[in-house]
Protein chains: 2
Amino acid sequence: MAASARRGAPLTLEEISTTALRLMDEGGVEGLSMRKLAAELDVNPMSLYHHVENKDALIRLICSTAAQRMQLPPDDGSPWQEQLRALAMAYHRHVGQHPAMWSYLHNHPELIADRELIIWQTLYRVLRLAGVPESELRRTSDVLHAFVTGFVVAETHGHLPDDPEEVKADFDAAVRLMIHGVAGFTR
Amino acid sequence: MAASARRGAPLTLEEISTTALRLMDEGGVEGLSMRKLAAELDVNPMSLYHHVENKDALIRLICSTAAQRMQLPPDDGSPWQEQLRALAMAYHRHVGQHPAMWSYLHNHPELIADRELIIWQTLYRVLRLAGVPESELRRTSDVLHAFVTGFVVAETHGHLPDDPEEVKADFDAAVRLMIHGVAGFTR
DNA sequence: ACCTGAACACCGTTCAAGT
DNA sequence: ACCTGAACACCGTTCAAGT
């Protein structure tokens with residue numbers, strides 16, 4: 001056994017990653033430290049190293065579990081333009097919930113490179129529907145993903161204090177620009 | 001007088017910001033610390049606080065001087081599509097030279113919000129040329145800027161090791177998508 | 001197997017003291 | 001006016017020791 005001296009139960013990866021993500025959500029990147037996380041879990045800082053190799057690995061864990069759990073819209077049969085907008089909105093919501101995590105992810109794109117992730121599967125499906133040829137799927141999805149990430153990160157960190165109507169109009173303009181871009185692409 | 005005990009001349013903001021940017025370029029965000037910067041300048045760490053309020057102010061200084069010095073293409077009379085591409089390429093080059101600074105900037109868009117900056121002036125000019133109405137300039141330029149930043153940051157951090165031909169094709173696709181998007185916008 | 005305390009090499013920053 | 005050293009409250013991480 002050898003559970004914690006202060007806690008009843010032993011640590012799990014599950015609660016480590018959940019608590020770490022919460023700390024990041026609440027206090028940004030600098031809100032998460034190994035020592036604060038340990039304090040939050042009521043455990044010795046060094047105990048964490050038995051479950052996670054180091055801080056980088058911890059953040060990687062947070063990102064991958066959060067990315068896997070993203071709630072993305074299913075294929076409802078609507079036109080690709082609407083589905084692209086719905087996907088962008090789902091992205092927008094997720095970044096709004098975990099801005100610090102997405103900032104990190106934006107600077108470490110390799111953590112989200114796995115094409116089996118639901119986010120890529122969904123984007124591929126929408127782009128196929130739009131008529132993007134198979135050979136261009138990787139490239140087009142990369143570009144759109146970078147665009148959307150750039151936009152929502154800038155929006156979340158930049159002008160949230162603004163008039164929400166303005167933010168909505170900005171978001172609409174971004175989506176329309178992408179739709180026109182993809183349409184012009186396959187025409 | 002009262003210059004440094006170890007150096008001949010007193011510190012200047014100029015050399016502080018130049019050296020700090022170099023440290024960031026060489027070692028990423030974690031390559032820049034007040035103590036390393038002081039060591040590099042052969043000065044006591046605390047001396048820096050006489051020229052700069054704190055580390056945040058130092059990074060703000062780096063970003064604003066670098067942004068002011070960006071070399072952007074002048075109006076050469078070519079079509080707006082070509083000028084937009086040239087602008088994106090200039091951006092691309094600058095981010096490639098200072099990736100860590102741009103990562104920071106991407107997460108602190110307020111540092112680049114001043115519409116008098118050459119980057120906004122240039123973008124406004126190109127968009128006017130493309131026929132974007134005055135009332136939509138702020139919005140459209142925000143969206144495009146976020147897109148370009150998203151793309152070049154992702155590219156710089158993500159798949160530079162790739163085949164340079166592929167990177168170039170990705171960049172072309174991104175520019176074409178933006179051009180189609182803007183064109184569809186004003187049609 | 002899992003947890004712990006002490007220790008090391010780093011941080012940013014404050015403050016009182018030097019010239 | 002500008003620089004400095006000591007000190008404080010933080011970091012991530014290693015290591016040897018506990019159960």
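It should be emphasised that the depicted structure is a prediction, and the values quoted were computed from it without experimental measurement.
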Quiz item: Checking salt bridge (charged side-chain N to carboxylate O under 4.0 Å, His left out) for the pair A/Lys168/A/Asp163: CA distance, chi angles, key distance, verdict?
Solution: CA-CA 9 Å; A/Lys168 198 169 167 306; A/Asp163 180 10; over 6 Å; no
Self-check item: Between D/dG12 (P) and A/Leu58 (CG): distance, integer Å
Solution: 10 Å
Sequence neighbours left out, cut at 3.5 Å: what donor-acceptor pairs do the side chains of residues 22-29 of chain A make with other protein atoms?
residue	atom	partner	partner atom	Å
A/Arg22	NH1	A/Glu40	OE2	3.3
A/Arg22	NH2	A/Glu40	OE2	3.3
A/Asp25	OD1	A/His98	ND1	3.1
A/Asp25	OD2	A/His98	ND1	2.9

Practice problem: Round to the nearest Å and state the distance from B/Tyr49 atom OH to D/dA6 atom P. | Solution: 18 Å
Practice problem: Would you mind reading off the distance between B/Leu48 atom CG and C/dC15 atom C1', rounded to a whole angstrom? | Solution: 17 Å
Quiz prompt | B/Asp42 CG to D/dT4 C1', straight-line distance once rounded to whole Å | solution = 14 Å
Practice problem: Run through A/Phe151, A/Phe171, A/Trp102 and flag the one making a ring pair (Phe, Tyr, Trp, His ring centres under 6.0 Å) with A/His92. | Solution: A/Phe171
Self-check item: CG-OG1 distance between A/Leu13 and A/Thr18, expressed to the nearest 0.5 angstrom
Solution: 10.0 Å
Quiz item: Shortest non-hydrogen contact from B/Arg139 to A/Ala169?
Solution: NH1-CB, 3.1 Å
Quiz item: Side-chain N or O of A/Ser47 less than 4.0 angstrom from OP1 or OP2 on C/dC2?
Solution: no
Every protein N/O lying under 3.5 Å from an N/O of nucleotides 8-11 of chain C:
residue	atom	partner	partner atom	Å
C/dC11	OP1	B/Ser33	OG	3.4

Practice problem: Could you tell me which non-hydrogen atom of A/Ala90 sits nearest to which non-hydrogen atom of A/Pro73, and how far apart they are? | Solution: CB-CD, 4.0 Å
Quiz item: Between A/Trp120 and A/His145, what is the ring plane arrangement, given parallel below 30°, perpendicular above 60°, and tilted in between?
Solution: tilted
Quiz item: Expressed in angstrom and rounded to an integer, what is the separation of A/Glu15 atom CD from C/dC2 atom P?
Solution: 13 Å
Quiz item: Of the nucleotides C/dT4, C/dC15, C/dC3, which one has an atom closest to the side chain of A/His51?
Solution: C/dC3
Self-check item: Closest contact, heavy atoms only, B/Thr65 versus B/Ser17
Solution: OG1-OG, 3.8 Å
Practice problem: Rounded to the nearest angstrom, tell me the gap between atom CD1 in A/Ile16 and atom C1' in C/dC2. | Solution: 12 Å
Quiz item: Quick one: which of C/dG12, C/dG5, D/dG5 gets closest to the side chain of B/Asn44?
Solution: D/dG5
Quiz item: Using Watson-Crick and G-U wobble pairs whose two distances are both under 3.5 Å, how do you write the pairing of DNA chain D as dot-bracket, with | for links to another strand?
Solution: ||.|||||...|||||.||
Practice problem: For A/Met46 and C/dG5, give me the distance from atom CE to atom C1', rounded to whole Å. | Solution: 9 Å
Self-check item: Residue pair A/Asp170 / B/Val143: nearest heavy atoms and the distance that separates them
Solution: O-CG2, 3.8 Å
Quiz prompt | Donor-acceptor pair (no angle test) under 3.5 Å: B/His50 side chain, D/dC2 base | solution = no
